[in-house]
Amino acid sequence: MAAIRETWNSRTAFVLAAIGSAIGLGNIWRFPYITYENGGGAFLVAYFICLFLAGIPLLMLEFSIGHKFHQAAPGSFKKISPRLEWFGWFAAGVGFIIVTYYAIIMAWSVNYTYEAATLGWVQEEGEYADVQYAIAQTDLEDMEVLIEVPDSLLGRSFVSPVSADQGIISDDPEDSEMYGTILVAFDGHLYGFNSVDEATTFMGSPADFFFNDFLGVTSSPWDIGKFKWPLFIGFTLAWIWIVASVWKGTKTVSKVVYFTVLIPWGLLLLFVIRGLTLSGAGSGIEFYLTPIWSKLMSAKIWLAAVSQVFFSLSVGFAIMIAYGSFLPKKTNIAANAMIIGIADALTAFFGGLAVFSALGHHASSLGVPVSQVVSSGPGLAFVAYPHIITTLPAARIFGVLFFLMLLTLAVDSAFSLLEAVTASVKDKWRTSHRKANLIVGISAFLLGIPMLTGMGIHILDIADHFMNSFGLTLVVLGEVLIIGWGTGAEEQRQYINKNSSFNIGLWWNICIRWIIPMGILWMIFTEIQERAVPYGSFGLRSQEFLFGWLLIILLPIIGDILASVSGKKEPE
Ligand code: PFF
């Protein structure tokens, strides 16, 4: 008799678990910024089109693969053809790399929950300001900016002390004597300060606290810097939380997700209400949503929309295949995918409202335009937000709640990936759930440790860039080619319809066979072309480029090795 596969406790548990995986850091800090950068309201139109033409059809595809073959990604692709098992491991590998750095951001959030309680980022006897403030106080005409910063740098957050002859920056006030100007890179902008006083205003800011005190950022990914022990504690706590959440597989997950989805939703609502009632909120919202329709004509906005949809819905990570494999026989694939896709998009939209209303308030209190306080990635969550939080009444409470929101949002994305890889290991080697869980969890933990040093944020940035731009897209491309052109889109569509409360039409086949693969090919070519331009404030040198590609190339090879190792047969 075949072993009975574990299943979700209920339909709600499944839907919440998949929503939990989908909503995460991507919704709160990535989506709002990408929306603003790509034409506000116009981007929302592109986003929703990509959601319906690519995101939701792919969710249906991944759920149906797992449901049909009752296996996580490697086992499912092996059932399609024994020669394709490596591809399933490749998908799991891309997700695995992503979770190693995702857990680092969770570690930052754990420590920042503490920093928020003590307002640790407020330095120098309560005196703090940030670079926007410094700029607002300075006559820009007087500032000497030595380097033109390319557009591709805008929005990237680094303060990297690199010597001026390397052409970038110095954050050491002493250098002002040597070079006459102190250069500080912040959020991809390069600022020159005329005096030590000016620079010190910045140096005591939340940005300085985050990059210099908290992370101890070094000048390049090849300069290790110090190991940050406090971060190690936060990192360990984050991993214990992730592993414990999937300790008994779907049984534990089915219970945990009620908290890890509903709590951040509640907190997000609180932040939206708080944000909208702040003075100056309107200017932030206007900035976020004013549509620039002409942008719809550029390729960039569509590429941004598609990659955001993949990352945000957790497709291409092997996660939704594993989650689909735990579905009971009788299920509703099409409706579930719709609910999950729409819930994720709405969460992102509300995330944007919370973020931009707060930024609007922040800008108006500094008397600067909103564009000067907008930042993405770490710059938003760990620099701009702490700054805004400090200006609110009951700052400590809002600060703690904000980082708890980030943590509860992130944890179910992280454990969904752990569960997907654990299930892959279990399917192949028939190990106990706990053993597989520990092996996978501890390996990811160990791989993350180098990112607790001063070079961590550089590694994180490179891995994130390559995994998003090439890893996820290559996995999705493989999936649509294998199903759309290999086993047959029509057969899969009929399978979905047999297991859904309503029928999806032929449009689904067109999305899977044509729209998605063409879109991805176009996207990959554009990305490769754009990579000629350096990114990150230190520039993407050939070593970094090599490191990124090595990651991508190694994963299918490792996948192939895992596929060739023999597993244990399913008990008859
Ligand atoms: N969907 C997640 C998000 O939007 O934040 C992305 C994600 C990251 C999923 C890491 C899974 C994961 F392990």
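Both ligands and their constituent atoms are indexed starting at 1 by order of listing. Keep in mind that the numbers below use all heavy atoms, side chains included, and drop hydrogens, waters and symmetry copies. When a residue number appears, it is its place in the shown sequence, counting from 1.
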Asks: Answer yes or no for Ile319: is there a heavy-atom contact with ligand 1 below 4.0 Å?
Replies: yes
Asks: If you take all heavy atoms of Ser424 and Ala73, which pair is closest and at what distance?
Replies: OG-N, 4.5 Å
Asks: Given Ile242, Ile23, Leu417, which has its nearest heavy atom closest to atom 13 (F) of ligand 1?
Replies: Leu417
Asks: What do you reckon, does Gly26 have a nitrogen or oxygen under 3.5 Å from a nitrogen or oxygen of ligand 1?
Replies: yes
Asks: If we ignore hydrogens and angles and just use 3.5 Å, is the side chain of Arg434 paired with the main-chain N or O of Lys248 as donor and acceptor?
Replies: no
Asks: Check each heavy atom of Phe317 against ligand 1 and say whether those closer than 4.0 Å belong to the side chain, the backbone, both or neither.
Replies: side chain
Asks: Measure Ala410 to ligand 1 on non-hydrogen atoms and call it side chain, backbone, both or neither using the 4.0 Å cut-off.
Replies: neither
Asks: Return the closest protein heavy atom for atom 9 (C) of ligand 1 as residue, atom name and distance.
Replies: Ser314 OG, 3.4 Å
Asks: Ignoring hydrogens and angles, tell me if any N or O in the side chain of Asn111 forms a donor-acceptor pair with the backbone of Pro230 under 3.5 Å.
Replies: yes
Asks: Distance from Phe210 atom CZ to Phe382 atom CZ, nearest 0.5 Å?
Replies: 5.5 Å
Asks: Looking at Pro450, is its backbone amide N or carbonyl O close enough to the side chain of Thr453 to form a donor-acceptor pair, meaning the two atoms are under 3.5 Å apart?
Replies: yes
Asks: Examine distances only and state if a side-chain atom of Ser413 and a backbone atom of Ile23 form a donor-acceptor pair shorter than 3.5 Å.
Replies: yes
Asks: Does some non-hydrogen atom of Ser312 fall short of 4.0 Å from ligand 1?
Replies: yes
Asks: Do any nitrogen or oxygen atoms of Ser413 come within less than 3.5 Å of a nitrogen or oxygen of ligand 1?
Replies: no
Asks: Walk me through whether Trp8 and Val253 qualify under side-chain contact (heavy atoms from CB on, under 4.5 Å).
Replies: CA-CA 8 Å; Trp8 300 104; Val253 174; 3.7 Å; yes
Asks: Do me a favour and list the nearest non-hydrogen protein atom to atom 5 (O) of ligand 1 with residue, atom name and distance?
Replies: Tyr102 OH, 2.5 Å
Asks: Is Ala22 touching ligand 1 with its side chain, its backbone, both, or neither, if touching means heavy atoms under 4.0 Å apart?
Replies: backbone
Asks: Which bit of Leu409 gets closer than 4.0 Å to ligand 1, counting heavy atoms only: side chain, backbone, both or neither?
Replies: neither
